[in-house]
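Single-structure report; data block below.
Values below: all heavy atoms of this structure, side chains included; hydrogens, waters and symmetry mates excluded. Keep in mind it's a predicted model, so treat the numbers as computed, not measured.
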Amino acid sequence: MMRIKEQLRFENSPKGITLQPNRKLASSICWAAIAIALTGAILLIFSTEIGIGGRIICIAIMAVFAIQGLTDFLFRIHVRYFFDLRTQSIYRQNLLLGRQRLMKLDEAVIFRSATCGIWHYSLGEKRKQFLKNYKISPDFGTGNEQEKYIAAYEDEILSPIIALLENSAYNAMHK
């Protein structure tokens, strides 16, 4: 298994911390491309046998996978978070939207978000974290392999982030 730091492009330097939490989506983009290719092959080979309804369904399936893959590629996979010590701020950089300041380091809180048995760590501004938050980890499920992955994420990535945030909050209180 690839080390989690390389997988999520995690860097901890004197300037701060950077990571790309959605790098695992690259495999879903590949699966979407495979699904589009298979559906396209079925459409080409069996176009007369499946009729107009079958062709419409194949085109709809291809469109859904294409939109999902494009959305993942443009808006999710290339998201990078910067925990910048120099400016004492957290930034999000996106392929299309550029770099945006999200909040100050001492205003940040990390918590778990869950839906349908899958969960991830999120980052939000204190007292507003449930209104607007940002996913800072891959999705986690259940099972022994996931437990190892969660432990690696918490030890190698989440711990340095929490230490940086705690240190920033301590420094902000003692100015």
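The hydrophobic cluster containing Y81 also contains I162, counting ILVMFWY residues as joined when their side-chain heavy atoms lie under 4.5 angstrom apart, directly or transitively. Cluster annotation: L95 and F75 are assigned to the same hydrophobic cluster (Ile/Leu/Val/Met/Phe/Trp/Tyr, side-chain heavy-atom contacts under 4.5 Å, transitive). Linking ILVMFWY side-chain heavy atoms closer than 4.5 Å, directly or via other members, places I42 and I59 in a single hydrophobic cluster. Cluster membership check: L38 shares its hydrophobic cluster with W31, using side-chain heavy-atom separations under 4.5 Å among Ile, Leu, Val, Met, Phe, Trp and Tyr. Linking ILVMFWY residues whenever their side-chain heavy atoms come closer than 4.5 Å, directly or via other members, places F10 and L85 in the same cluster.
Between the side chain of E147 and the main chain of E145, no donor-acceptor pair closer than 3.5 Å is present. Proximity of a side-chain donor or acceptor of S159 to a complementary backbone N or O of E154 within less than 3.5 Å is detected. In this structure, Q146 contributes its side chain and G141 its backbone to a donor-acceptor pair below 3.5 Å. Put simply, the side chain of N167 never gets that close to the backbone of A163: no donor and acceptor are under 3.5 Å apart. Of the possible polar contacts, none joining the S27 side chain to the L25 backbone as a donor-acceptor pair under 3.5 Å is found. Checked by atom type and distance alone, the side chain of N133 never pairs as donor or acceptor with a backbone atom of S122 at under 3.5 Å. The backbone N or O of S47 sits less than 3.5 Å from a side-chain atom of R55, completing a donor-acceptor pair. A side-chain donor-acceptor contact under 3.5 Å links K126 to the backbone of D106.
The two residues K24 and P138 have their closest heavy-atom pair at CD-CB, 3.9 Å. Closest approach of L165 and I110 over heavy atoms only: CD1-CD1, 3.7 Å. In terms of heavy atoms, F111 sits closest to G124 at CE2-N, 4.1 Å.
We find the CD1-CG distance between I150 and D155 to be 11.5 Å, quoted to the nearest 0.5 Å. Taking CD1 from I77 and CG from N94, the interatomic distance works out to 12.0 Å, rounded to the nearest 0.5 Å. Summarising the geometry, atom CG belonging to L44 is positioned 11.0 Å from atom OG1 belonging to T39; distances are rounded to the nearest 0.5 Å. Expressed to the nearest 0.5 Å, how far CD1 of I157 lies from CG of L19 amounts to 6.5 Å. Here the CD atom belonging to Q88 is positioned 9.0 Å from the NZ atom belonging to K104, to the nearest 0.5 angstrom. The line from CG of N22 to CD1 of I136 is 11.0 Å long, rounded to the nearest 0.5 Å.
Taking the side chain as every heavy atom from C-beta outward, L123 and M103 approach each other to under 4.5 Å.
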Under the side-chain contact (heavy atoms from CB on, under 4.5 Å) rule, what do N12 and I161 come out as? Steps first, then yes or no, please. CA-CA 9 Å; N12 191 354; I161 293 172; over 6 Å; no
Given I90 and D84, is the side-chain contact (heavy atoms from CB on, under 4.5 Å) satisfied, shown in steps? CA-CA 6 Å; I90 301 171; D84 192 345; over 6 Å; no
Could you go through the side-chain contact (heavy atoms from CB on, under 4.5 Å) check for L158 and Y121 one step at a time? CA-CA 9 Å; L158 192 61; Y121 286 102; 3.5 Å; yes
Mind running side-chain contact (heavy atoms from CB on, under 4.5 Å) on R9 and R23 for me, showing each step along the way? CA-CA 8 Å; R9 294 188 180 170; R23 294 298 300 172; 3.0 Å; yes
As a quick check of understanding, evaluate side chain to side chain donor-acceptor pair (under 3.5 Å) for R92 and Q100, giving each step before the final call. CA-CA 5 Å; R92 181 177 67 180; Q100 303 166 319; 3.1 Å; yes
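Between F73 and H78, the two ring planes are perpendicular [angle over 60°; tilted spans 30° to 60°].
The cationic group of K15 does not satisfy the cation-pi geometry with F82, failing either the under 6.0 Å distance to the six-membered ring centre or the 45° limit from the ring axis.
Neither side chain, Y153 nor Q7, offers a donor N or O lying under 3.5 Å from an acceptor on the other. Under 3.5 Å, the side chains of Q68 and D72 contain a donor-acceptor pair of N or O atoms. Inspection of the R80 and Q20 side chains reveals an N or O donor paired with an N or O acceptor under 3.5 Å.
Ring centroid separation for the pair Y91 and F83 does not come in under the 6.0 Å cut-off.
A salt bridge does not link K128 with E107: every distance from a Lys NZ or Arg NE/NH1/NH2 to an Asp or Glu carboxylate oxygen is 4.0 Å or more. Comment: K148 does not engage E156 in a salt bridge, judged by the lack of any side-chain N to carboxylate O separation of less than 4.0 angstrom.
The neighbour count for R86 CZ, taken as heavy atoms of other residues, nucleotides or ligands under 6.0 Å away, does not exceed 12.
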